[in-house]
Amino acid sequence: MRVTTWTEYSLIIALHLARRKTTGEPIAARELSDSERLPADYVEQILLRLRRAGLVESVRGARGGYFLAREPERITVRDVMAACERETFELNCTSHPVDAERCDPASSCSIRPVWHALRRRVDDFLSGITLADLLNEHRTPAELVPLTSSVS
């Protein structure tokens, strides 16, 4: 799974915006940067990516800023990660081919199906966790993990 600084900061920003959703007031990028102690240049770039993905909207002007485009119940961790990372689960065959012949999509690489299945499972899991779930103080991380699972 790919968890970079972009991913971490993106989730922090999205959660901050979700917490403030009830006020209805936009939050300035500078305020996000200061309150979450994140580098201002990262915050601006992340907000731009989140906006392009349709997860946040912005208002210009002195009282301008950013706010969630949808309710926290309708934005998943996968949505946020996908907005800021090219892939949430990097396949070595694609990104770092060690053996060009074995990693060719037409080859019969025996491990490729394992990585693809794992990517689907990780993406499905992340798609099942919303910002609202993460804000809900009564749900523990253990409750977010499904008790039963099946291999796809």
Side-chain angles (χ1 to χ4, degrees), residues 1-97 105 111-152:
M1 191 168 113
R2 187 175 176 86
V3 180
T4 65
T5 302
W6 284 107
T7 301
E8 182 181 349
Y9 291 177
S10 298
L11 286 168
I12 289 169
I13 289 168
L15 286 169
H16 187 102
L17 292 173
R19 271 188 225 97
R20 294 278 299 266
K21 179 82 173 156
T22 56
T23 68
E25 296 175 22
I27 303 167
R30 172 59 62 190
E31 181 184 341
L32 280 166
S33 175
D34 292 346
S35 64
E36 295 294 341
R37 294 180 304 203
L38 301 174
D41 54 334
Y42 266 94
V43 171
E44 290 285 349
Q45 292 177 40
I46 288 168
L47 287 167
L48 178 62
R49 290 177 183 201
L50 293 173
R51 202 179 93 183
R52 284 183 183 152
L55 300 178
V56 302
E57 293 180 3
S58 62
V59 176
R60 293 180 181 257
R63 295 183 158 265
Y66 295 86
F67 58 94
L68 287 182
R70 303 188 302 238
E71 295 301 315
E73 296 82 13
R74 296 187 51 227
I75 299 175
T76 68
V77 170
R78 172 74 173 91
D79 295 334
V80 175
M81 290 178 75
C84 293
E85 297 287 352
R86 198 168 52 89
E87 293 181 331
T88 55
F89 190 90
E90 193 173 289
L91 297 177
N92 277 347
C93 306
T94 308
S95 59
H96 302 85
I111 196 75
R112 185 180 297 115
V114 172
W115 298 130
H116 283 282
L118 190 54
R119 178 187 359 199
R120 271 193 316 275
R121 296 288 301 274
V122 168
D123 284 347
D124 288 348
F125 176 73
L126 295 173
S127 293
I129 304 170
T130 66
L131 296 180
D133 291 332
L134 296 176
L135 292 176
N136 187 347
E137 295 177 25
H138 304 292
R139 258 184 113 177
T140 66
E143 290 175 313
L144 295 174
V145 178
L147 296 177
T148 59
S149 62
S150 61
V151 177
S152 301

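In this chain, residues are counted from 1 in sequence order.
Among pairs with a residue in residues 48-71, none fulfils ring-ring contact (aromatic ring centres under 6.0 Å, His included), at least two apart in sequence or across chains. Evaluation of the side-chain hydrogen bond (donor to acceptor under 3.5 Å, both in side chains) test over residues 26-38, restricted to residues two or more places apart or in two chains, returns His16-Glu36, Arg20-Glu31.
In terms of heavy atoms, Leu55 sits closest to Ala83 at CD1-CB, 4.0 Å.
Residues meeting the ring-ring contact (aromatic ring centres under 6.0 Å, His included) test with Tyr9, sequence neighbours left out: Tyr42.
Remark: of the listed residues Val56, Thr7, Leu50, Ile46, Leu50 is the sole one forming a side chain to side chain contact (heavy atoms under 4.5 Å, CB included) with Val80.
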Under 3.5 Å, sequence neighbours excluded: what are the donor-acceptor pairs made by side chains of residues 68-76?
unit_1 : atom_1 : unit_2 : atom_2 : d
Arg70  : NE     : Arg74  : O      : 3.3
Arg70  : NH2    : Arg74  : O      : 3.3
Arg70  : NH2    : Asp79  : OD2    : 3.4
Thr76  : OG1    : Arg78  : N      : 3.4
Thr76  : OG1    : Asp79  : N      : 3.0
Thr76  : OG1    : Asp79  : OD1    : 3.3
Thr76  : OG1    : Asp79  : OD2    : 3.2

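A heavy-atom distance below 4.5 Å is not found between the side chains of Ser10 and Met81. Between Leu32 and Leu47 the shortest side-chain heavy-atom distance falls below 4.5 Å.
For the atom pair CD1 (Ile12) and CD (Glu8), the distance works out to 4.5 Å, reported to the nearest 0.5 Å. We find the CZ-CH2 distance between Arg49 and Trp6 to be 4.0 Å, quoted to the nearest 0.5 Å. Considering OG of Ser58 and CD1 of Ile27, their distance stands at 13.0 Å, rounded to 0.5 Å.
No donor-acceptor pair under 3.5 Å is formed between the side chain of Asp124 and the backbone N or O of Arg121.
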